[in-house]
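In what follows, a single structure is set out as structure tokens and then discussed.
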2 protein chains.
Amino acid sequence: MCNSHHGEQGESEERCCPGRGRVRGFMQPWLLLLLAQKPAHGYELMERLGQDDETPGADPGLLYRTLRQFEEDGLVRSSWDTKGSGPARRVYEITDEGMEYLHAWVVNIRRTRERLDRFLAEYQAYFQSPEEGR
Amino acid sequence: MCNSHHGEQGESEERCCPGRGRVRGFMQPWLLLLLAQKPAHGYELMERLGQDDETPGADPGLLYRTLRQFEEDGLVRSSWDTKGSGPARRVYEITDEGMEYLHAWVVNIRRTRERLDRFLAEYQAYFQSPEEGR
DNA sequence: ATCTGTTATATGACTAACACATATATTATA
DNA sequence: TATAATATATGTGTTAGTCATATAACAGAT
């Protein structure tokens, strides 16, 4: 299973454990943060997501569905923008409720990072410490 | 949605965004690491998981199914232990392949932590920096 | 003896996030 | 007129996670 690797020197490691290890729903806080910075439409959000995060492509299906769900939950509101060229854009802006939700996400994310650190500490204590060996 | 919170001083925040923000399949590397430290049966792993990580209860259903899957994938192997009191225990030990998989997981987890940091940096740059305000 | 609690493993059913494919319409450009 | 880029959207299947429940061995109490 997976490619072999012991190097421990994070080289490639691509396509191993597909889907695993990622943060559940991580697109959600990103969308809210990007919308907090400024209102935007789906396609633009997709591109902005693709830049900072090297998330593999930022699936449009998931993105548009998430925005729809956000609107249904009152976290964002939208309006059509027909100005400019190309097809009409549905422009989203974040609501106060969306802001609160974003802040709540941040608390969760900090907690998640602590959990990761706890795991990595335990891992290193076992594999990189003088005794315990192996 | 959710409880209100602006305090920014991570107080309770319980049961908000249920399930979201957690690392997908995070039980997997934990199980492999615990088994790398020493062979164990499911129930024991459940208790050891519940200690370090304050994961809410470490669902037995998921745990046993994951161990089964691991065995099917050759990451662990098991044998029955009928010695001692109580019902028989299925004792798992990690295989070489399981070890490799664990190391691969660690690479993924480090990458995930970097993604979290990138998000938090972006968040703080917007909400905690002097300008940008709001 | 029976009842309750602990240890121990396991299945069933449902949800949500995600992955991948595809449909659609508009506009620009080759 | 064909192709590509922009833009939004649906359909379908997979998997981790959640919650409930079933089963069984054994210990101690009443």
Side-chain angles (χ1 to χ4, degrees), chain A residues 15 17-31 39-50 53 55-73 76 78-92 105 108 112 115, chain B residues 1 15-32 39-50 53 55-73 76 78-92 105 108-109 112 115:
Chain A
R15 97 197 80 275
C17 323
R20 274 98 132 189
R22 298 224 249 291
V23 178
R24 277 191 78 136
F26 199 34
M27 183 188 271
Q28 294 175 30
W30 266 118
L31 290 179
H41 61 277
Y43 196 81
E44 184 191 343
L45 291 167
M46 223 172 65
E47 289 180 326
R48 284 164 76 192
L49 266 185
D53 216 30
T55 49
D59 183 67
L62 180 56
L63 186 138
Y64 286 110
R65 262 188 282 248
T66 301
L67 289 172
R68 284 301 197 90
Q69 189 60 49
F70 277 176
E71 184 156 36
E72 201 180 308
D73 294 342
V76 301
S78 75
S79 58
W80 286 100
D81 173 17
T82 52
K83 292 183 291 279
S85 73
R89 281 130 289 179
R90 189 189 282 273
V91 177
Y92 289 92
W105 255 102
N108 272 344
T112 294
R115 289 206 192 98
Chain B
M1 173 175 286
R15 99 195 78 275
C16 196
C17 324
R20 275 97 133 190
R22 298 224 247 294
V23 176
R24 277 192 80 138
F26 198 35
M27 183 187 270
Q28 295 175 29
W30 266 117
L31 290 178
L32 292 174
H41 60 278
Y43 195 82
E44 184 191 342
L45 291 167
M46 223 171 64
E47 289 179 326
R48 283 163 76 193
L49 265 186
D53 215 31
T55 48
D59 183 68
L62 179 56
L63 186 138
Y64 286 110
R65 260 188 283 247
T66 301
L67 289 172
R68 284 301 197 89
Q69 190 59 49
F70 278 175
E71 185 155 36
E72 201 179 308
D73 294 340
V76 302
S78 74
S79 58
W80 286 100
D81 174 17
T82 51
K83 292 184 290 280
S85 72
R89 278 132 291 181
R90 189 190 283 271
V91 177
Y92 290 93
W105 255 103
N108 271 344
I109 287 172
T112 294
R115 289 206 193 98

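Naming convention: chains lettered A, B, ... in sequence-line order (proteins, then strands); numbering from 1 in each chain.
- Distances shown here put a side-chain N or O of A:Q28 below 4.0 Å from the OP1 or OP2 atom of C:dA17.
- To the nearest angstrom, P of C:dA17 lies 13 Å from CG of A:N108.
- A:L62 places its CG atom 6 Å from the P atom of C:dC18, with the value rounded to the nearest Å.
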> Taking it one step at a time, do A:L67 and A:L45 satisfy side-chain contact (heavy atoms from CB on, under 4.5 Å)?
Replying inline: CA-CA 10 Å; A:L67 289 172; A:L45 291 167; 4.0 Å; yes
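- Within a heavy-atom distance below 4.0 Å of DNA chain D, the residues of residues 64-71 of chain B found are B:R65.
- Looking only at side-chain heavy atoms (C-beta outward), B:M27 and B:L63 come within less than 4.5 Å of each other.
- Whole-Å rounding puts the A:M27 CE to C:dA17 P distance at 12 Å.
- Rounded to whole Å, the distance from CE on B:M46 to C1' on C:dT7 is 10 Å.
- Under the side chain to side chain contact (heavy atoms under 4.5 Å, CB included) criterion, B:Q69 pairs with B:E72, B:D73, not counting sequence neighbours.
- Annotation for A:V91 and A:P39: closest pair CG1-CB, 4.2 Å, computed over non-hydrogen atoms.
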Below 3.5 Å is the cut-off: list the nitrogen or oxygen pairs between protein and nucleotides 26-30 of chain C, distance only.
none

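- Among residues two or more places apart in sequence or in another chain, the salt bridge (charged side-chain N to carboxylate O under 4.0 Å, His left out) test is passed with A:E71 by none.
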>> side-chain contact (heavy atoms from CB on, under 4.5 Å), that's the test. Do B:W105 and B:W30 meet it? Break it down for me.
In response: CA-CA 10 Å; B:W105 255 103; B:W30 266 117; over 6 Å; no
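- When rounded to the nearest whole Å, the span between CG of B:L45 and C1' of C:dT7 equals 14 Å.
- For A:K83 and D:dA7, the NZ to C1' distance is 17 Å, given to the nearest whole Å.
- Put simply, the side chain of A:S78 never gets that close to the backbone of A:R90: no donor and acceptor are under 3.5 Å apart.
- When distances are taken from the side chain of B:W80 to each of D:dA9, C:dC18, C:dA10, the shortest belongs to C:dA10.
- Between the OH atom of A:Y43 and the C1' atom of D:dT6 there is a distance of 5 Å, rounded to whole Å.
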>> Checking A:M46 against A:L49 for the side-chain contact (heavy atoms from CB on, under 4.5 Å) test, could you report, in this order, the C-alpha distance in whole Å, the side-chain angles of both residues, the deciding distance, and whether it holds?
In response: CA-CA 5 Å; A:M46 223 172 65; A:L49 266 185; 5.8 Å; no
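- Annotated stems with DNA chain C as a participant read C:1-30 with D:1-30, given as range with range, by first number; only runs of 3 or more Watson-Crick or G-U pairs under 3.5 Å qualify.
- The phosphate of D:dT14 (OP1 or OP2) has no side-chain N or O of B:R24 nearer than 4.0 angstrom.
- Contact annotation for A:V91: no contact, since no heavy-atom pair falls under 4.0 Å across all strands.
- Listed nucleotides: C:dA8, D:dA9, C:dA10. Nearest to the side chain of B:Y92: C:dA10.
- Of the candidate nucleotides D:dT8, D:dA16, D:dT18, D:dA16 has the atom nearest to the side chain of A:R20.
- In this structure, A:F26 atom CZ and C:dA19 atom C1' are separated by 19 Å, rounded to whole Å.
- A:R89 is linked by a side-chain hydrogen bond (donor to acceptor under 3.5 Å, both in side chains) to nothing, counting only residues two or more places apart in sequence or in another chain.
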> When you look at A:R24 and B:V23, which way does the side-chain contact (heavy atoms from CB on, under 4.5 Å) test go after all the steps?
Replying inline: CA-CA 6 Å; A:R24 277 191 78 136; B:V23 176; over 6 Å; no
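- Distance from the side chain of B:R90 is smallest for C:dT9 among the nucleotides C:dC18, D:dA9, C:dT9.
- For the side chain to side chain contact (heavy atoms under 4.5 Å, CB included) with A:L31, the qualifying choice from A:F26, A:F70, A:Y92 is A:F70, the only one to do so.
- Closest heavy-atom contact between B:I109 and B:P29: CD1-CG, 3.9 Å.
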